[in-house]
Amino acid sequence: MEGLLVIISGPSGSGKGTVVKQLDADKGYARSISVTTRAPRVGEEHGRDYFFHTPDEFARMRQENELLEHALFVGNFYGTPRKYVEEQISRGRMVVLEIEVQGALQVREKFPDAVLVFLMPPTLSELQRRLTKRATEDAVTIDARLKRALEEVPLINEYDYLVINDVVAHAVEKIDAIVAAERLRPHRCKHEITQFTI
Ligand code: 5GP
């Protein structure tokens, strides 16, 4: 079977990171690790959570076309290294990117076959609670992220699916079911169909 590119977006505090890590650990998806100029949070590791780079190194990667997409988000740059994604797709893997909306729309332009999933927390108050609970950020950053979250919501209509993340395990199952169904669309089953073609 051919590989598939799966994009997960959603506001900070939607629980994307946790869901994507479970898709990797429990469902065998290849999780792309992004590059960022943001400082690591307590407990984050270079090469596991992100590749933490200087703005100069980020600019070099961008210039040399090493990034599949990139975006500025609340004062920091983020981007997806191209090589890993292309390699894994060509090996038939399901590759999952956890990226914000500007990046997701850039990927859709380059890979129209990508499946875009928007993940939402169940309520606005839950979103506020999850953002505030993350004690690693100051009040100004939390406010900026909440504002950005509300700006992203209207862009849901650009996505193929909306998944509400009330219970992480359920959200993971729903995304896996979406991907299983998407893989059975006839245009993705060319090998299976070819043998019957006269
Ligand atoms: P955080 O700083 O909370 O880890 O991430 C901030 C936002 O950047 C989140 O919405 C996250 O999904 C997004 N993000 C993470 N990596 C990438 C990336 O490689 N490209 C883009 N466009 N967004 C990313």
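We count ligands from 1, going down the list as the structure has it; atoms in each ligand are counted the same way.
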Identify the protein heavy atom lying closest to [atom], giving its residue, its atom name and the separation to 0.1 Å.
| atom | answer |
| --- | --- |
| atom 4 (O) of ligand 1 | Tyr50 OH, 2.5 Å |
| atom 20 (N) of ligand 1 | Glu69 OE2, 2.7 Å |
| atom 11 (C) of ligand 1 | Glu98 OE2, 3.4 Å |
| atom 23 (N) of ligand 1 | Glu100 N, 3.1 Å |
| atom 19 (O) of ligand 1 | Ser34 OG, 2.7 Å |

Quiz item: Would you call Arg60-Glu66 a salt bridge at under 4.0 Å N-O?
Solution: yes
Quiz item: Does the pair Glu173/Lys27 count as a salt bridge with the N-to-O cut at 4.0 Å?
Solution: yes
Considering only heavy atoms of [X], which atoms of ligand 1 have at least one such atom less than 4.0 Å away?
| X | answer |
| --- | --- |
| Arg145 | 1 (P), 2 (O), 3 (O), 6 (C) |
| Ala71 | 22 (N) |
| Lys16 | 9 (C), 10 (O), 11 (C), 12 (O) |
| Arg38 | 1 (P), 2 (O), 4 (O) |

Quiz prompt | Under-4.0 Å heavy-atom contact with ligand 1, by part of Glu44 that carries it | solution = neither
Exercise. In sequence, state the C-alpha distance, the side-chain angles, and the governing distance for Arg185 and Asp113, and then conclude on salt bridge (Lys or Arg N to Asp or Glu O under 4.0 Å).
Key: CA-CA 11 Å; Arg185 294 182 66 151; Asp113 205 37; over 6 Å; no
Exercise. Using the side chain to side chain donor-acceptor pair (under 3.5 Å) rule, collect all pairs that involve residues 6-19, keeping only residues at least two apart or in two chains.
Key: Ser9-Tyr159, Ser12-Arg145
Quiz item: Among the heavy atoms of Gln106, does any lie under 4.0 Å from an atom of ligand 1?
Solution: no
Quiz item: Looking at Asp166 and Arg130, what are the two nearest heavy atoms and their distance?
Solution: O-NH2, 4.4 Å
Quiz item: Quick check: does any side chain N or O of Arg148 sit under 3.5 Å from a backbone N or O of Phe73, one acting as donor and the other as acceptor?
Solution: no
Quiz item: Where the side chain of Asp49 meets the backbone of Glu45, is there a donor-acceptor pair that is under 3.5 Å apart?
Solution: yes
Any N/O pair [X]/ligand 1 closer than 3.5 Å:
| X | value |
| --- | --- |
| Ser12 | no |
| Tyr78 | yes |
| Gly79 | yes |

Quiz item: Rest of the hydrophobic cluster containing Val35 (Ile/Leu/Val/Met/Phe/Trp/Tyr, side-chain heavy atoms under 4.5 Å)?
Solution: Ile33, Phe51, Phe58, Met61, Leu67, Leu72, Phe77
Quiz item: Heavy-atom distance under 4.5 Å between the side chains of Ile178 and Val163, does that happen here?
Solution: yes
